[in-house]
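Below: the structure, in structure tokens.
Since this is a predicted model, take the numbers as computed values, not measurements.
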Amino acid sequence: MKTNKASSRLYPIIRAAAAAAVLPVLFIYIMIAKPDYALMNALGHVVVPVAQVVGDVVTWPFRVIANAFDGIMQISVLRAENQELRARLDAALIDKNLCDVAIADNKKLENELNLVKAQPYDAIIADVIHDNSTMGHNTFIINRGQNDGVIADMVVATTDMMLAGVVIDSANNFARVRALTDSDTNIAVRIAGTDVYGFMTGNGSKHPTLGFFSNPNFQPVAGVKLVTSNISGVLPAGLMVGEMQDDTDVNVVKHNQISRVMVLKFNTPQNEYR
């Protein structure tokens, strides 16, 4: 029973396909053997749409393959364009990074130039290239020397004008600086905002000590700020030295924590900066 039903469904489909195949043949036969134009015109309205449908069915696999091939070609073109755009983007990013570095360097140089111009002293910018701590002696090396005008006894400060040390000796292209924590350091200082003077002495540790006050009644406490006094004529007056940590120890710039400094040229006590 099921077989008869399947056959009854297939039969109309086969008949329709046969008719669709015969119609174009019949149309061609009439055109050649018996050219009846009225009949041809009537058949044209039937044969042409049927032939178009049949043609679409027959050519469908080829059109699918052609469309797939076109899609593959387009994907290949897009991939090539994507690779080219990525290469251009990478090159643009490299150029941007180079520009950013150049801008940063120019800004840094401009800031340093403005910093030097703003000082009441002639200043030479230098980089710290080495630091040394041994046997209580704390020193560091800068990359400026006699060729740049750096000589012994010149004062070295950080870029924010904190006292960092004094030049001990210099060669053509570098100089050695004694740090504030060096055991040979002995600096005349003044308690900021007062007329009390004293001496700060290095001892090779992290914190120099302060003592010998001009006012014996003065009692130092934590937070008191110290500046250079220039009593001895070795240092310019008014440079920030550090801050009292307690009644004896002073917090100062650590020589192993600075990377860029200024070497200051200043007048002797006859033309002292105050």
Side-chain angles (χ1 to χ4, degrees), residues 101 104-105 107-116 118-119 121-189 192 198-211 222 224-230 232 234-246 248-266:
V101 170
D105 287 342
K107 187 67 176 177
K108 183 178 181 182
L109 292 173
E110 182 182 357
N111 290 338
E112 290 178 353
L113 181 60
N114 292 335
L115 182 64
V116 170
Q119 304 309 319
Y121 323 100
D122 292 332
I124 301 168
I125 298 294
D127 290 323
V128 177
I129 57 177
H130 179 70
D131 66 86
N132 179 49
S133 298
T134 177
M135 302 294 290
H137 292 288
N138 298 330
T139 60
F140 58 92
I141 307 297
I142 59 175
N143 65 341
R144 294 288 183 268
Q146 294 176 6
N147 291 343
D148 306 290
V150 176
I151 59 175
D153 295 330
M154 283 187 172
V155 176
V156 177
T158 64
T159 54
D160 55 355
M161 289 303 289
M162 290 283 293
L163 183 64
V166 177
V167 176
I168 304 172
D169 49 49
S170 63
N172 288 336
N173 298 307
F174 65 89
R176 189 161 57 106
V177 182
R178 178 184 294 123
L180 300 184
T181 54
D182 187 271
S183 58
D184 289 336
T185 295
N186 190 24
I187 297 174
V189 297
F199 284 91
M200 187 183 75
T201 304
N203 51 31
S205 69
K206 295 181 179 179
H207 303 287
T209 56
L210 186 65
V224 169
K225 292 181 170 37
L226 307 177
V227 296
T228 54
S229 69
N230 199 10
S232 62
V234 176
L235 300 175
L239 285 180
M240 182 61 67
V241 175
E243 183 177 290
M244 297 294 298
Q245 178 176 271
D246 49 36
T248 57
D249 292 345
V250 183
N251 284 322
V252 296
V253 172
K254 305 299 187 295
H255 67 285
N256 58 355
Q257 296 179 355
I258 52 178
S259 59
R260 180 153 289 197
V261 294
M262 296 188 300
V263 182
L264 307 179
K265 301 177 182 179
F266 66 97

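- Rounded to the nearest 0.5 angstrom, L239 CG and S229 OG are separated by 11.0 Å.
- Shortest non-hydrogen contact noted between S205 and N138 is O-ND2, 4.2 Å.
- Counting heavy atoms from C-beta outward, V252 and P208 have side chains that approach closer than 4.5 Å.
- Distance check: D148 CG to I124 CD1 gives 6.5 Å after rounding to the nearest 0.5 Å.
- For V128, the side chain to side chain contact (heavy atoms under 4.5 Å, CB included) partners are F140, I142, I258, V261, not counting sequence neighbours.
- Applying the salt bridge (charged side-chain N to carboxylate O under 4.0 Å, His left out) definition to pairs two or more places apart or across chains, those involving residues 162-174 are D169-R176.
- Side-chain atoms of T185 come within 3.5 Å of backbone atoms of A179 as a donor-acceptor pair (strictly under, hydrogens ignored).
- A donor-acceptor distance shorter than 3.5 angstrom exists from the side chain of R144 to the backbone of I125, with no hydrogens or angles considered.
- One finds the CG atom of N186 at 9.0 Å from the CE atom of M200 (value rounded to the nearest 0.5 Å).
- Atom CZ in R178 sits 9.5 Å away from atom CD1 in I187 (nearest 0.5 Å).
- Tested against T139 for a side chain to side chain contact (heavy atoms under 4.5 Å, CB included), the candidates D184, I168, V177 yield a single pass: I168.
- Judged by distance alone, with hydrogens and angles left aside, the side-chain atoms of S183 form no donor-acceptor pair with the main-chain N or O of G204 at under 3.5 Å.
- Under the side chain to side chain contact (heavy atoms under 4.5 Å, CB included) test applied with L210, the options T201, L226, V224, T248 reduce to a single match, L226.
- Nearest heavy atoms, A123 versus L264: CB-CD2, 3.9 Å.
- No side-chain heavy atom of T158 sits less than 4.5 Å from a side-chain heavy atom of M240.
- Of all heavy-atom pairs spanning V253 and M162, the tightest one is CG2-CB, 3.7 Å.
- Smallest separation of non-hydrogen atoms from N147 and N173: ND2-OD1, 3.1 Å.
- The minimum heavy-atom distance between I151 and S170, with the atom names listed, is CA-OG, 3.7 Å.
- Atom CG of L180 sits about 12.0 Å away from atom CG of N251, to the nearest 0.5 Å.
- Not counting sequence neighbours, the partners of D249 by the side chain to side chain contact (heavy atoms under 4.5 Å, CB included) test are H207, T209, Q245, D246.
- With rounding to the nearest 0.5 angstrom, the CG atom of D127 is 4.5 Å from the CG atom of N143.
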